[in-house]
Amino acid sequence: MIIEQIKRSVRESLQNSFREMDISIDIIRSPQEFGDLCTTIPFKVAKILRKPPYEIADKICENISSGLFSSISVSKPGYINFTLSSDAWRMFLSELEAKGEDYYRKESNGIRFQVEFVSANPTGPLHVGNGRGGIIGDVLANLLSLQGFNVEREYYVNDAGSKMDLFAQSILYYYLLTFNKESSFPEDGYRGEYIKDIASDIAKSFGDKFINMDRKVALSEVKKIGKEMMIDSIKKSLEDFGVHFDNWFYESSLYESGELEETLRLFRNTPHTYEKDGAIWFKSTLFSDDKDRVLVRSTGEPTYILSDAAYHYNKWKRGFRRVVDVWGADHFGHIVPMKALIKGMGIPDDFLEIIIYQMVHLYEDGTEVTMSKHTGTFFTLEELINEVGKDAARVFFLLKSADTHLNFDINLAKSKSMDNPIYYLKYTYARLKGILREGDLRNISYSGAESLDLSTIQTQEERELMTSLIFVEESLNNAAKNYAVHEVPFFTIDLARKINAFYQKYRVLSPGKEMQGRLALVNASLIVLSILFDIMGIEKVERM
RNA sequence: GCGCCUAUAGCUCAACUGGAUAGAGCGACGGACUUCGGAUCCGUUGGUUGCGGGUUCGAAUCCUGCUAGGCGCGCCA
């Protein structure tokens, strides 16, 4: 790929000028008057050598010999500016045309990489907050996959803890109520409408069979049925949202397989556990936690700390060497304990990375609505998708960086007048397709980059478009490196803007020497847009 | 009290992780097609980057002291 080649060329000349300098090369876009691209490498070298950046830039430039650039210059404090040559353009276009949709896909690095996300308890339907986690994980997995990782997406189903018991008790309460039997409602139980729906569904399908049953047995049955229904609903929402998982991992399977005990033994064999007040503790303070954590309660019940340890140990055993967990900010407090567990098990530090996304706040009629499964007040992901459509919903979440708080206005979402650039993107793609359709009617076709006269591409709009297309490679690198999925729609919109500026000003299908060059730009834009749409998981339309 | 996130144009958000004159959309105002899709394009307007210090060639970004909001700090997950 072209940016990769540019970096290699800069690196070579850097090391020719300054032996032993091994720093990663940055390539950024230049302001218009300074060419197409530039690097700030001289500043980095200047810091190390304590010499003026301008001198260093000059020295590096002396050693750059590359057909990729038609001109190289040094400006002000020490930038090196590059103007791309027509050879560079041709290389880019040829490779893009040859590889098509696979252009940005790097060779496999053999590393198994797991992205775990959403992982909401199956005690209720997904809400809009889960949608945020869903989009972050989904797009991140797409980005990492292009970077050459062998990526798997996983949903961890927390179906073993006390929340599930509470869930079952809540359902049973409403179930009994449908038969006019009063029972005590569990403390902090779930009161959402969906609980009542499940209860009445069970009453319809199973009749009164749970009324006289032993309460323990009834609860376990009801839990199983309710869980299935909830997971079905979650799966459907995710499917409607275009989010796909390779694997659904059940917490309960850790109990059944004996891995929970295995993990406990693992800890007991280290000096990092002790017993106190009848409970088994993990000395996580040894690993920079501020308090120790309970692995097994005094009742003998394991805590989620132990099952999370077992779960991550399982990931390690399955052969993943890099794992990203995507969590909502309400789980922030669990990061330090989780990392302590990893260290405590002797797994390398860089195994686990945790991405936190900030809370989604719901507003309706100008006031904040608290989202809670316990009180049953929330706006579901399903509702959002139904109101605004899958693609608009995806882009809506995608546009905010994970660490900003997201204010979600229900009225705005329902009005469908959401300020959403999804239509701009789709329109851009469709109108380019329109050119090709029209070209077919007029028997005009693009002849390919090899035989192209690139000297006809001269105007500012065309040049900027070409550079934008070329720079997408580096934008994808940065987004993947930073785990910053929100960058994708931003630079895609930026690209679309360049396309539209070009489209508006020049006729592509007007016979003349410029025509093939412009067709090359249209063709390349379509390929790149298509790839970016796929990464974001939004549909391409030929007509709107 | 401690930890993390946030504070940038009237509003919603960016800023390639320390890079060039802080940018987009929406809003407001003014322009552009007899043509391949006007769901478009071009221009104007709009800023003490929450406040005060510091670090250096260079700070929205880093260090420090504040202010305001959010989240977390269980033998809950």
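Below, chains carry the letters A, B, ... as their sequence lines are ordered, and counting in each starts from 1.
- Exactly one of A:Arg463, A:Arg497, A:Arg29 qualifies for a side chain to side chain donor-acceptor pair (under 3.5 Å) with A:Ser468. That residue is A:Arg29.
- For the pair A:Ile493 and A:Phe490, the minimum side-chain heavy-atom distance is 4.5 Å or more.
- Out of B:U40, B:C75, B:G19, the shortest distance to the side chain of A:Ile28 is found at B:G19.
- Between the CG atom of A:Leu341 and the C1' atom of B:A77 there is a distance of 14 Å, given to the nearest Å.
- The CG atom of A:Leu406 sits 7 Å away from the P atom of B:C13 (whole-angstrom rounding).
- If you check the side chains of A:Thr456 and A:Arg518, you find no donor sitting under 3.5 Å from an acceptor.
- At the phosphate of B:C57, neither OP1 nor OP2 sits under 4.0 Å from any side-chain N or O atom of A:Tyr79.
- Distance from the side chain of A:Gln504 is smallest to B:A32 among B:G37, B:A24, B:A32.
- Summarising the geometry, the separation between CE on A:Met544 and P on B:C36 is reported as 19 Å, rounded to the nearest angstrom.
- Contact annotation: A:Lys291 side-chain N/O to B:G74 OP1/OP2 distance is under 4.0 Å.
- When distances run from any side-chain atom of A:Ala430 to the nucleotides B:C13, B:C57, B:G37, the shortest one goes to B:G37.
- In the set B:A15, B:G3, B:A77, B:A77 carries the atom at the smallest distance from any side-chain atom of A:Lys163.
- In terms of phosphate contacts, A:His486 brings a side-chain nitrogen or oxygen within less than 4.0 Å of OP1 or OP2 of B:A15.
- For a distance-only test at 3.5 Å, the side chain of A:Tyr423 fails to qualify as a donor-acceptor partner of the base of B:A39.
- For A:Asn500 and B:A39, a side-chain-to-base donor-acceptor distance below 3.5 Å is absent, hydrogens and geometry of angles not being considered.
- Between the side chain of A:Thr303 and the base of B:C75 there is no donor-acceptor pair of N/O atoms closer than 3.5 Å.
- Under 3.5 Å, the side chain of A:Lys44 and the base of B:G18 form no donor-acceptor pair of N or O atoms.
- In this structure, the nucleotide among B:C16, B:G37, B:C5 sitting nearest to the side chain of A:Gln358 is B:C5.
- A perpendicular orientation is assigned to the rings of A:Phe267 and A:Phe282, their planes being inclined by more than 60° (bins at 30° and 60°).
- At B:U21, one or more side-chain N or O atoms of A:Lys76 fall inside 4.0 Å of OP1 or OP2 (strictly under the cut-off).
- Considering only the side chain of A:Leu509, B:C36 comes nearest among B:C36, B:U40, B:U6.
- For B:U17, the base adopts the syn conformation, since its glycosidic angle falls within 90 degrees of zero.
- Judged by the 6.0 Å distance and 45° axis criteria, A:Lys400 is positioned over the aromatic ring of A:Phe396.
- Taking the six-membered ring for Trp and thresholds of 30 and 60 degrees, A:Trp248 and A:Tyr155 have nearly parallel ring planes, at less than 30 degrees apart.
- Across the strands present, B:G37 finds no partner; the criterion is a Watson-Crick or G-U wobble pair with both atom distances under 3.5 angstrom.
- Of the two residues near RNA chain B, A:Glu33 and A:Val296, the one whose nearest nucleotide lies more 5' is A:Glu33.
- Side-chain atoms of A:Ser75 and base atoms of B:A20 include a donor and an acceptor less than 3.5 Å apart.
- In this structure, A:Arg29 places its CZ atom 14 Å from C1' of B:A15, rounding to the nearest Å.
- Closest contact between the side chain of A:Ala279 and the listed nucleotides B:G72, B:C75, B:C36 involves B:C75.
- Under the Watson-Crick and G-U wobble criteria, each requiring two contacts below 3.5 Å, nucleotide B:U12 is paired to B:A24.
- Comparing B:A77, B:A15, B:G37 by their nearest atom to the side chain of A:Asn121 picks out B:A77.
- Side chain of A:Asp277, nearest nucleotide from B:A39, B:C75, B:G19: B:C75.
- In this entry the distance linking OH of A:Tyr255 with P of B:A77 reads 8 Å, nearest Å.
- The base-pairing partner of B:A7, taking Watson-Crick or G-U wobble contacts with both distances under 3.5 Å, is B:U67.
- Nucleic acid contact for A:Asn81: base, since at least one base atom lies under 4.0 Å from a heavy atom of the residue.
- Judged by a 6.0 Å distance limit and a 45° cone about the ring axis, A:Lys59 is positioned over the six-membered ring of A:Phe18.
- Checking the phosphate oxygens (OP1, OP2) of B:C36, no side-chain nitrogen or oxygen of A:Ser510 falls inside 4.0 Å.
- Looking at the side chain of A:Thr40, the nearest of the listed nucleotides B:G19, B:G25, B:C75 is B:G19.
- Between A:Ala329 and A:Tyr427, the residue whose closest nucleotide on RNA chain B is further toward the 5' end is A:Tyr427.
- Taking side-chain N and O atoms only, A:Arg431 has a distance below 4.0 Å to OP1 or OP2 of B:G38.
- Computed from coordinates, the A:His405 NE2 to B:C71 P distance equals 9 Å when rounded to whole Å.
- Among the protein residues, A:Tyr424 comes within range of the sugar-phosphate backbone only, with heavy atoms under 4.0 Å from sugar or phosphate atoms but none that close to a base.
- Look at OH on A:Tyr363: it is 14 Å from C1' on B:U12, rounded to the nearest Å.
- Between A:Phe34 and A:Tyr79, the distance from one ring center to the other does not fall under 6.0 angstrom.
- Between A:Lys505 atom NZ and B:G38 atom P the separation is 17 Å, expressed in whole Å.
- Proximity of A:Thr404 to the phosphate of B:A14: a side-chain N or O atom is located under 4.0 Å from OP1 or OP2.
- For the pair A:Phe34 and B:A20, the ring geometry qualifies as stacking, because the centroid separation is below 5.5 Å while the planes lie within an angle under 30°.
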